[in-house]
Asks: 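Attaching a single structure in structure tokens format; questions to follow.
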Protein chains: 2
Amino acid sequence: MAKRGKINQRQRILEEAAKLFKSKGFAGTSMRDLGGEVGMEAASIYNHVKSKDEILESICFYISDTYISQLAEVEQTATPYREKIETLIRQHIRLMLEEGAAVSVANNDWKYLTGDKLTAFKDARKRYEHGFAALIEQGIAAGELQPVNVSVALFTILSAVRWVELWYRPGRGVSADELEQNILTMLLNGLAK
Amino acid sequence: MAKRGKINQRQRILEEAAKLFKSKGFAGTSMRDLGGEVGMEAASIYNHVKSKDEILESICFYISDTYISQLAEVEQTATPYREKIETLIRQHIRLMLEEGAAVSVANNDWKYLTGDKLTAFKDARKRYEHGFAALIEQGIAAGELQPVNVSVALFTILSAVRWVELWYRPGRGVSADELEQNILTMLLNGLAK
DNA sequence: CCTACCGATCGGTAGG
DNA sequence: CCTACCGATCGGTAGG
């Protein structure tokens, strides 16, 4: 009977939107562009979605929710801090590989959110950063990590993991496992001998 | 006599544009926004600048030219590879601190370049990356650096240095010198003990 | 450097 | 899901 389903169509719209926002930016993408990609007129998109803003919100909060719940899980496991941080880095890389476009939008186009949504997103990001920073701090206090400045360590990790979205292309010499392993080596052991 | 000078006005326009593009994106910034910031009507901006595209080009190539010439200089000095890489990292951080808005535009809005300019910018970036990668490779071959995957090392460094633009605010606990020193420690020695 | 515009395109709605 | 359209805004030009 092949009932398409409004929810599935909505999902498709969100996915195509994420790809377009990633390559052209939120402001540079028109509803007509999106319609072209999805295969309907721009006006028809509004049967599945309230507004262009709502599309952005769905993408951004899907990603921030994922990060937040991954952090909560790691916080609850009883493992050394070094291992907790390793797990978070791995999860970052994997989410990037699986949901590259959406992660890219959450990283770059969140600034086009407005009102409450903008505030809520910034809050979520701040909570995540504080939670991650606390783990690093405790790891240093426990003697498991170098006594480096916590903010610098945190943002170096978050950034190192962000480039994956911009530069990594699978099947070009580096496999996903090698990628993970090499990033972990860089961040935990450093480049110098 | 306080002659304003077309060149100075043009410079001011470029600087305000860089700030606006950084915060709202190239596509999200209108010539009317820019006029408001510079203190003239949108139409008047065209007395100092050919088009909105030309503004973007000036900003992007100013940054890429700077990177390219810094690399050329480092390549010519007779120092250990580890030191060359340290110098490049320091220069990246300093340029970010001095020209944050322009660097941000070159990093994020270059994708709105078109035609020849887009090609030329991508080429410049590729040349820079290849040159930097070659130094890492030679450093590994010389036994000065860990045998990590060269691409991963390169992009981890470039990314670690990019976050400065997004997250670092001077006068909030971390001085510029501490910032440099801590990033270098993270990248060269790693977080683990 | 401004006023007065231009054609094009934008996000979104009405009505079917 | 489409056609037809709205008011607003866009980059840019003409003419002074």
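Small disclaimer: the values here were computed from a predicted structure and weren't measured. Sequence lines set the chain letters: A, B, ... in the order given, protein chains first and strands last, and positions in each chain run from 1.
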Asks: Quick one: does any side-chain atom of A:D33 pair with a main-chain N or O of A:S30 as donor and acceptor, under 3.5 Å?
Replies: yes
Asks: The criterion is salt bridge (Lys or Arg N to Asp or Glu O under 4.0 Å); which residues satisfy it with A:E165, sequence neighbours excluded?
Replies: none
Asks: Would you please name every residue forming a ring-ring contact (aromatic ring centres under 6.0 Å, His included) with B:F155, sequence neighbours left out?
Replies: A:W163, A:W167
Asks: For B:S51, which residues count as a side-chain contact (heavy atoms from CB on, under 4.5 Å) partner, sequence neighbours excluded?
Replies: B:D53, B:E54
Asks: Look at the side chain of A:M40 and decide which nucleotide, out of D:dC1, D:dT3, D:dC5, has an atom nearest to it.
Replies: D:dC1
Asks: Going by the rule side-chain contact (heavy atoms from CB on, under 4.5 Å), which residues pair with A:A120 if we only count those two or more places apart in sequence or in a different chain?
Replies: A:F61
Asks: Tell me, please, which residues at least two apart from B:T79 pass side-chain contact (heavy atoms from CB on, under 4.5 Å).
Replies: B:T77, B:E83, B:K84
Asks: In a check of side-chain contact (heavy atoms from CB on, under 4.5 Å) between A:I157 and each of A:I183, A:I89, A:V152, which one passes?
Replies: A:I89
Asks: Let's see if you get this right: which residues in residues 108-118 of chain B place a heavy atom under 4.0 Å from DNA chain C?
Replies: none
Asks: What would the secondary structure line of DNA chain C be in dot-bracket form, counting Watson-Crick and G-U wobble pairs under 3.5 Å, with [ ] for pairs that cross earlier ones and | for pairs with another strand?
Replies: ||||||||||||||||
Asks: Measure CD/A:E41 against P/C:dG12 and give the value in whole Å, please.
Replies: 16 Å
Asks: Restricting to pairs with a member in residues 173-193 of chain A, which pass salt bridge (Lys or Arg N to Asp or Glu O under 4.0 Å), not counting sequence neighbours?
Replies: A:R90-A:E180, A:R94-A:E180
Asks: Output the residues of residues 44-56 of chain A in contact with DNA chain D, where contact means a heavy atom of the residue under 4.0 Å from an atom of the strand; sort by number or write none.
Replies: A:S44, A:N47, A:H48
Asks: How long is the line joining CE of B:M31 and C1' of C:dA8, in whole Å?
Replies: 17 Å
Asks: Taking only the side-chain heavy atoms of A:Q9 (C-beta and beyond), determine which of D:dC1, C:dT13, C:dG12 contains the nearest atom.
Replies: D:dC1
Asks: Under 3.5 Å, is there a donor-acceptor pair between the side chain of B:E144 and the main chain of B:Y81?
Replies: yes
Asks: Tell me, please, which residues at least two apart from B:E15 pass side-chain contact (heavy atoms from CB on, under 4.5 Å).
Replies: B:Q11
Asks: Rounded to the nearest Å, what distance is computed from the CZ atom of residue A:R32 to the C1' atom of nucleotide C:dG11?
Replies: 7 Å
Asks: So which of residues 13-30 of chain A are in contact with DNA chain C, with a heavy-atom cut-off of under 4.0 Å?
Replies: A:T29, A:S30
Asks: Only counting residues at least two apart or in another chain, list the ones meeting ring-ring contact (aromatic ring centres under 6.0 Å, His included) with A:H48.
Replies: none
Asks: Please work out which of the three classes, parallel, tilted or perpendicular, describes the rings of B:F21 and B:F26, given edges at 30° and 60°.
Replies: perpendicular
Asks: Measure the distance from CG on B:L34 to P on D:dC10 and round it to the nearest whole Å.
Replies: 12 Å
Asks: Any carboxylate oxygen within less than 4.0 angstrom of a Lys/Arg side-chain nitrogen, looking at A:K126 and A:E129?
Replies: no
